[in-house]
Amino acid sequence: MKKRMTGLLAGLLAVGLCACGDMGARAAKPVLYLYPEEQTAVSVTLDFDGELTATWPIYEDGWHVTAAPDGTLHDAAGQEYSYLFWEGVIDTEYDFSEGFCVAGADTADFLRETLAAIGLTPREYNEFIVYWLPRMQDNAYNLIAFQRDRYTDSARLTVEPAPDSVLRVFMAWKPLDAPQTIAPQTFAPFERQGFTLVEWGGAEVG
């Protein structure tokens with residue numbers, strides 16, 4: 001079943017390249033951080049070309065929160081959150097034309113160094129690593145490719161007020177029994193200016 005909610009956010013800044021890849025129903029686990037310059041009421045809507053399986057806070061007609069400069073969020077009832085979370089399943093292709101082949105034992109160091117270079121803060125990349133590392137560290141190798149259009153075109157965001165800076169990091173990866181040659185990815189520098197939205201997520205390709 002296709003579940004959609006209206007919205008469009010132009011000028012998204014993300015990482016990765018777009019080309020041919022693997023197809024199948026995949027689960028995604030993005031979280032969104034909101035960093036306004038001052039306490040601000042923010043509305044976020046998601047237009048997802050798949051089926052949502054979980055959201056937190058509960059997604060109804062969007063998320064409506066008050067965001068503080070440190071990223072702390074409060075809903076209308078005063079409940080506190082560190083970020084917005086959603087998870088879903090979608091049929092899509094992910095691009096593995098460029099990326100990285102990393103030994104499972106080296107995955108933690110690779111993620112810390114690469115995510116920092118992409119632009120995540122220690123708080124953000126540590127939360128990323130805590131979620132994904134248990135699924136990756138015991139594999140012989142992991143093939144990793146950070147996506148751009150293949151992700152952002154299928155999970156469109158509308159944010160009011162519009163952020164000044166947006167970084168959406170989405171990692172597609174799959175376990176390997178043997179190393180594989182792949183052209184390395186490079187990333188443009190990301191600078192946080194004004195109201196900043198940061199997102200990270202990922203999907204395991206079977």
[X]: side-chain hydrogen bond (donor to acceptor under 3.5 Å, both in side chains) partners, not counting sequence neighbours:
| X | answer |
| --- | --- |
| Asp164 | none |
| Asp70 | Thr72 |
| Asp153 | none |
| Tyr33 | Glu127, Trp200 |

Taking it one step at a time, do Glu98 and Thr186 satisfy side-chain contact (heavy atoms from CB on, under 4.5 Å)?
CA-CA 9 Å; Glu98 295 189 355; Thr186 59; 5.8 Å; no
Between [X] and [Y], is there a donor-acceptor pair closer than 3.5 Å when you use the side chain of the first and the backbone of the second?
| X | Y | result |
| --- | --- | --- |
| Thr40 | Glu38 | yes |
| Asp106 | Val102 | no |
| Arg192 | Gly119 | yes |
| Ser43 | His64 | no |
| Thr152 | Arg148 | yes |
| Asn139 | Gly104 | no |
| Asp95 | Ser97 | yes |
| Asp75 | Ala77 | yes |

Determine whether [X] and [Y] make a side-chain contact, defined as any pair of heavy atoms from C-beta on separated by less than 4.5 Å.
| X | Y | answer |
| --- | --- | --- |
| Ser165 | Phe190 | yes |
| Ile144 | Phe96 | no |
| Cys101 | Asn142 | no |
| Leu34 | Phe195 | yes |
| Leu167 | Thr196 | no |

Between Tyr83 and Glu124, is there a side-chain donor-acceptor contact under 3.5 Å, judged purely by atom types and distance?
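Judged by distance alone, the side chains do not pair up.
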Within the 3.5 Å criterion, strictly below it, is a donor on His74 or Thr66 matched to an acceptor on the partner's side chain?
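The criterion, which ignores hydrogens and geometry beyond distance, is not satisfied for Thr66 and His74.
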Lys/Arg-Asp/Glu bridge criterion (N-O < 4.0 Å) met for Glu204, Arg135:
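So Glu204 does not pair with Arg135 through a salt bridge.
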Does Lys29 pair with Glu87 as a salt bridge, N-O distance under 4.0 Å?
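Judged by the 4.0 Å cut-off on N to carboxylate O distance, Lys29 and Glu87 do not form a salt bridge.
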Hey, mind stepping through Leu157 and Leu46 against side-chain contact (heavy atoms from CB on, under 4.5 Å) and telling me if it holds?
CA-CA 5 Å; Leu157 295 174; Leu46 170 67; 3.9 Å; yes
Using the side chain to side chain contact (heavy atoms under 4.5 Å, CB included) criterion, which residues pair with Thr114? Sequence neighbours excluded.
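In terms of side chain to side chain contact (heavy atoms under 4.5 Å, CB included), with neighbours along the sequence ignored, Thr114 is linked to Phe110, Ile118, Phe146, Phe187.
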Applying side chain to side chain contact (heavy atoms under 4.5 Å, CB included), name anything that partners Thr55, two or more places apart in sequence or on another chain.
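Result, side chain to side chain contact (heavy atoms under 4.5 Å, CB included) vs Thr55: Leu52, Ile58, Tyr59, Trp63, Trp86.
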Looking only at non-hydrogen atoms, find the nearest pair between Ala68 and Pro36 and report the distance.
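Nearest heavy atoms, Ala68 then Pro36: O-CD, 3.3 Å.
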Quick check for you: to the nearest 0.5 Å, what is the distance between Trp56 atom CH2 and Ser82 atom OG?
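Rounded to the nearest 0.5 Å, the CH2-OG separation comes to 12.5 Å.
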Worked check of side-chain contact (heavy atoms from CB on, under 4.5 Å) between Thr53 and Val89
CA-CA 7 Å; Thr53 55; Val89 178; 3.9 Å; yes
